[in-house]
Structure formats: structure tokens, C-alpha cells
**Student:** 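Here you go, one structure.
Note that ligands are numbered from 1 as they come in the structure, with each ligand's atoms numbered from 1 the same way. As a basis for the values below, the full set of heavy atoms in this structure was taken, side chains included, without hydrogen atoms, waters or symmetry mates. Owing to the predicted nature of the structure, the values given are computational and were not obtained by experimental measurement.
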Amino acid sequence: MAKLIAGIGTSHVPSIGAAVDNGKTQTEYWKPLFDQFEPARSWVETVKPDVSIIVYNDHAHAFDLGSIPTFSIGTCESFRSSDEGYGPRPIPDVQGDPRLAWHLIESLVLDQFDITMVNDMTVDHGLTVPLSIMYDQPTNWPCKVIPLAVNVVQYPQPTGRRCYALGQAIRKAIESYDQDITVAIYGTGGLSHQLQGERAGVINEPFDNWFLDKLVTDPLTVAEVDHTTWLRETGSEGIEAVMWLIMRGALSEEVKEVYRFTHCPASNTNYGMTILENAAGQ
Ligand code: DHB
Ligand code: FE
């Protein structure tokens, strides 16, 4: 049977991807951040998940305001990088896992989560930057990827409670999959940032640290944070971090935090990363 082995939380700042693509990772601005990716890269090199479910939000590339699915799963054989205005990123195509994607969709829909099925899509920085953070510039990405896109762009976004429950249902779905593969799940986005409007530039490190602490010990308290609080405390784009609750919900009740750091600023964002493993025997 398939086994969920770990959860990774990471911001998905697009200029991190641009730094990798343009050979700027060792500059004065980026080196202090990229140095802190090294332990995460060593960790992933050791655990080598066969498949990564990447929970991310599309930023008006695969979807626009014409249709906005709350939760959707990509079923394609492979996914090209979106053209975000400067051409698609010069990265390998992301290989999907249609068989597992359809299993997840079936299991989740039968479990009352009405997932939109996406059979033709590109993937933007929300998904590709976390891959670059973990794997740098490989010829081919070393794992298959299932894109799980969440609407955090247009009100009303799903609640934290709903995201956590979806994570729990994903765990159940993985554990009922008939192949001996290992699966990692990523929650991406955040931490605090606001890209436009009067409060552009909002950063709230105390809230972000509270979020990272509670995600480990008491995720249900984070799941109760309402939309207005996310907005007030973390800025209009900080609510992206609600997607980390899907990752956390898929893990065991107790988890072992094997790595964590924050770095401020990374572009407009307080960058955050956490790596969580299921507690022994859970
Ligand atoms: C930035 C962060 C994001 O999450 C995003 O989607 C776009 C831009 C930033 O900090 O620049
Ligand atoms: Fe984003």
C-alpha cells in the first residue's frame, strides 16, 4: 500500500525561481536564503518520495476569473510551466501520476469532498518554485507530482477547518492506494505578505512564528483562524498559508518537526519552511 511519509511547508515566492533560473542564488541578497535550503535538500535526497502532492494556488494562469474551483486535482501525464509574462520557466516538464490522481479524486469525492478534475493545465510558480527549492536544477524532476490547486485568491476562500479535514481525507485516500509507493505532501504559499493596496508590504513575524509553532502542536487552533484575522494579521496574500493545513491534516496527530526556518524578507514575503514527519508508529 502507499505510505504518506512527510509534509513540507514552504513559501512559493516567484523570484526564488527566477534566482535559480538566472544563476543568482549566490548573490548577496539570495545566498543567506539558499544556504538554508541545504538541509531540506539533503533531507529530501535521503527520503526520496516517489510522488509529491503539491498543494498550491494558481495565480490566474491555469484558471482565471472565468472559473475558480475551490479544490482541484490535475490528472495529466505531464504539466508544462505556465507563461507568467516572461515566458515559461526553463525547467523540465512536471511528470504527473494520473492513476494516483484519479484514485485520490474518487476517494475524496466519495468522502464528500467535491474535487474539480482538471485534465489540461499548466502549473505556475506556486507549484514549480517549491520543486526548485527542494531539487534545484535537475534534468528531470526526481518525483512524480500531483497538483492540488486551492482557491485562495477570490473570496470566499475555503476555511482552515475545511482544509484540515481535506488533508485527513487525503491521508485516508493514500492509505487505500494499492501500490507500494511513498508520498510526500507540500503546503505552499505565505507566510505574511501583501502585494498591493494601502497595506502593501505587510509582514507579521510574531503571527508567522505562532502559526509555525501551532502547526506542530495544535493545528486545530490554527484551523479556527477566520478570514478577517488572516487578512488583518498576515496581509491579503498571507492567507495562502491556510493551504499548509491540508498538508498538516494529512499527517498523524503528533508529528516530529525535522526542520524549520524563516527568512525575512524574501521579496515581499516572510519566507517560511517546515518539514514534518509522522510520529513513530502513527
Ligand atoms: C510574491 C509572493 C507570492 O506568494 C506570490 O504568489 C507572488 C509574489 C512575492 O513576495 O514577491
Ligand atoms: Fe503566491
**Student:** Per the side-chain hydrogen bond (donor to acceptor under 3.5 Å, both in side chains) rule, which among Asn268, Asp208, Thr269 passes with Ser192?
**Tutor:**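 Of all the options given, the one that passes is Asp208.
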**Student:** Can you tell me if Pro14 has a non-hydrogen atom under 4.0 Å from ligand 1?
**Tutor:**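 Heavy atoms of Pro14 do come under 4.0 Å of ligand 1.
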**Student:** With a cutoff of 4.0 Å, is Glu237 in contact with ligand 1, counting heavy atoms of the residue only?
**Tutor:**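 Not so, Glu237 does not reach ligand 1.
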**Student:** Looking at Glu175, I'd like to know if its CD atom is crowded, meaning that more than 12 non-hydrogen atoms belonging to other residues, nucleotides or ligands lie closer than 6.0 Å.
**Tutor:**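 Yes, CD of Glu175 has more than 12 neighbouring heavy atoms, counting only those of other groups under 6.0 Å.
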**Student:** Enumerate the atoms of ligand 1 whose separation from the nearest heavy atom of His125 is less than 4.0 angstrom.
**Tutor:**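 Taking each heavy atom of His125 in turn, ligand 1 has 5 (C), 6 (O), 7 (C) under 4.0 Å.
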**Student:** Hey, which atoms in ligand 1 end up nearer than 4.0 Å to a heavy atom of Leu195?
**Tutor:**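 The list of qualifying atoms is 1 (C), 7 (C), 8 (C), 9 (C).
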**Student:** Among Asp21, Asp124, Asp83, which residue satisfies the salt bridge (charged side-chain N to carboxylate O under 4.0 Å, His left out) criterion with Arg89?
**Tutor:**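 Among Asp21, Asp124, Asp83, the one that satisfies the salt bridge (charged side-chain N to carboxylate O under 4.0 Å, His left out) with Arg89 is Asp21.
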**Student:** Can you check whether Ser15 has an N/O within less than 3.5 Å of an N/O in ligand 1?
**Tutor:**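 No, Ser15 has no N/O under 3.5 Å of an N/O on ligand 1.
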**Student:** Taking 4.0 angstrom as the limit and counting only heavy atoms of Glu240, give me the atoms of ligand 1 inside it, by number and element.
**Tutor:**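 Those of ligand 1 that fall under 4.0 Å from Glu240 are 4 (O), 6 (O).
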**Student:** Going by the atom numbers of ligand 1, which of them fall below 4.0 Å from some non-hydrogen atom of His12?
**Tutor:**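 Counting from 1, the qualifying ligand atoms are 4 (O), 6 (O).
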**Student:** Does the side chain of Ile146 come within less than 4.5 Å of Leu104's, by heavy atoms?
**Tutor:**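 Touching, per the 4.5 Å side-chain cut-off.
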**Student:** Aromatic rings His61 and His59: how do their planes relate, parallel, tilted or perpendicular, breaks at 30° and 60°?
**Tutor:**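 Tilted: the ring planes of His61 and His59 meet at 30° to 60°.
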**Student:** I need the nearest protein heavy-atom contact for atom 10 (O) of ligand 1: residue, atom name and distance, please.
**Tutor:**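 Answer, as residue, atom name and distance: Thr269 OG1, 2.7 Å.
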**Student:** Give a yes/no answer: is there an N/O/S atom of Glu240 under 2.8 Å from the Fe ion (ligand 2)?
**Tutor:**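 Checking the Fe ion (ligand 2) against Glu240, an N, O or S atom does fall under 2.8 Å.
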**Student:** Report yes or no: do Phe79 and Val150 belong to one cluster of Ile/Leu/Val/Met/Phe/Trp/Tyr joined by side chain heavy-atom distances under 4.5 Å?
**Tutor:**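 Phe79 does not cluster with Val150.
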**Student:** Suppose we measure from atom 9 (C) of ligand 1 to each protein heavy atom; which comes out shortest, and what is that distance?
**Tutor:**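 Of the protein heavy atoms, Ser267 OG, 3.4 Å lies nearest.
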